[in-house]
Amino acid sequence: RPFNPKIKSITQRREKLRKINFNVISYNTRTMSKDSHLFMMHEALNNINYDVIGLAEVKRWGENLTECSDFILYTKGTSVASGSVGFIVRKKWKDSIESFTGISDRVAVLKLKIGVESIGIVTVYAPTAEKSESVINSFYDDVDKANDLISHCNLQFMTGDWNAKI
């Protein structure tokens, strides 16, 4: 097999990122509409090894950034009654955050730059099968937009609640 320096370079970069021990996880919160929920989340995170958490069903209205003592919370939602997505980012990565883009209340994108690595993370809250075809199609259009936003990133993650039925 011929030597490909690009592949070796990508492999070396991924190995370097693994040494950083960067953990991306996903969580359906069911709700974080009240500040008391945020406090409970803060307490629960003391026992979880994470760097970024993709959140689904946050139920917070608007596009918000909340800075807590240990983490930064980004959320995007159009209703406190349903939906909303977001991210919790451990505060040590604050200076690495390039952007947060709330595409809809079901899809959001977080981009980080750690060293030479660009990292794109998408979190989703998929509609259930009972939703109308137009809602489902709109969701997948939003996922396509999110993929376009992270297409240039070296490392790409897709997290969230896909409401899959097995």
Side chain to side chain contact (heavy atoms under 4.5 Å, CB included) assessment of Val89 paired with Leu110: CA-CA 9 Å; Val89 182; Leu110 175 69; 3.6 Å; yes
Intermediate values then yes/no, side chain to side chain contact (heavy atoms under 4.5 Å, CB included), Val107 and Val122: CA-CA 7 Å; Val107 181; Val122 175; 4.1 Å; yes
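Note that CG of Leu149 is 7.5 Å distant from OG of Ser99, once rounded to the nearest 0.5 Å. To the nearest 0.5 Å, atom CD1 of residue Ile114 and atom CH2 of residue Trp93 are 4.0 Å apart. With rounding to the nearest 0.5 Å, the separation of CD1 in Ile53 from CD1 in Ile25 is 4.0 Å. Between the CZ atom in Phe139 and the CG atom in Asp105 there is a gap of 11.0 Å [rounded to 0.5 Å]. Between the NZ atom of Lys91 and the SG atom of Cys68 there is a distance of 7.5 Å, given to the nearest 0.5 Å. Atom-to-atom distance recorded for Ile103:CD1 and Lys76:NZ is 10.0 Å, nearest 0.5 angstrom.
A heavy-atom distance below 4.5 Å is found between the side chains of Leu155 and Glu117. Counting heavy atoms from C-beta outward, Phe87 and Thr123 have side chains that approach closer than 4.5 Å. In this structure, Ile150 and Val109 have side chains that are in contact, with non-hydrogen atoms separated by less than 4.5 Å.
A donor-acceptor pair shorter than 3.5 Å can be found between the side chains of Asn154 and Ser118. Looking only at atom types and distance, the side chain of Asp142 has a donor-acceptor partner in the side chain of Ser104 under 3.5 Å away.
Taking every heavy atom of both residues into account, Ile136 and Lys131 meet most closely at CD1-O, 3.6 Å. Between Phe100 and Ala108 the shortest heavy-atom distance is CE1-CB, 3.8 Å. Heavy-atom minimum distance, Arg90 versus Tyr50: NE-O, 2.7 Å. Across Val135 and Pro127, no two heavy atoms sit closer than the pair CG1-CB, 4.0 Å. Between Gly86 and Val58, the shortest heavy-atom contact is N-CG2, 4.2 Å. When every heavy atom of Phe22 is checked against every heavy atom of Val24, the shortest pair comes out as CE2-CG2, 3.4 Å.
Applying the side chain to side chain donor-acceptor pair (under 3.5 Å) definition to pairs two or more places apart or across chains, none involves residues 143-153.
Between Trp162 and Tyr140, the ring planes lie parallel to each other; the angle is under 30°, not in the 30° to 60° tilted range.
Side-chain atoms of Ser26 never come within 3.5 Å of backbone atoms of Thr159 as a donor-acceptor pair (strictly under, hydrogens ignored). Of the possible polar contacts, none joining the Gln156 side chain to the Ile119 backbone as a donor-acceptor pair under 3.5 Å is found. Side chain of Asn163 to backbone of Ala126: a donor-acceptor contact under 3.5 angstrom is found. Using modelled atom types, no side-chain atom of Lys113 and backbone atom of Ile97 make a donor-acceptor pair closer than 3.5 Å.
By the criterion of side-chain heavy atoms lying less than 4.5 angstrom apart, applied directly or through intervening Ile, Leu, Val, Met, Phe, Trp or Tyr residues, Leu73 is grouped together with Tyr27 in one hydrophobic cluster. Under a hydrophobic clustering in which Ile, Leu, Val, Met, Phe, Trp and Tyr are joined whenever their side-chain heavy atoms come within less than 4.5 Å, directly or via other members, Ile121 and Tyr74 fall into the same cluster.
The residue from Ile72, Thr66, Leu55, Thr75 that alone fulfils the side-chain contact (heavy atoms from CB on, under 4.5 Å) condition with Ile88 is Leu55.
Scanning for side-chain hydrogen bond (donor to acceptor under 3.5 Å, both in side chains) contacts around Asp70 gives His42, with sequence neighbours left out.
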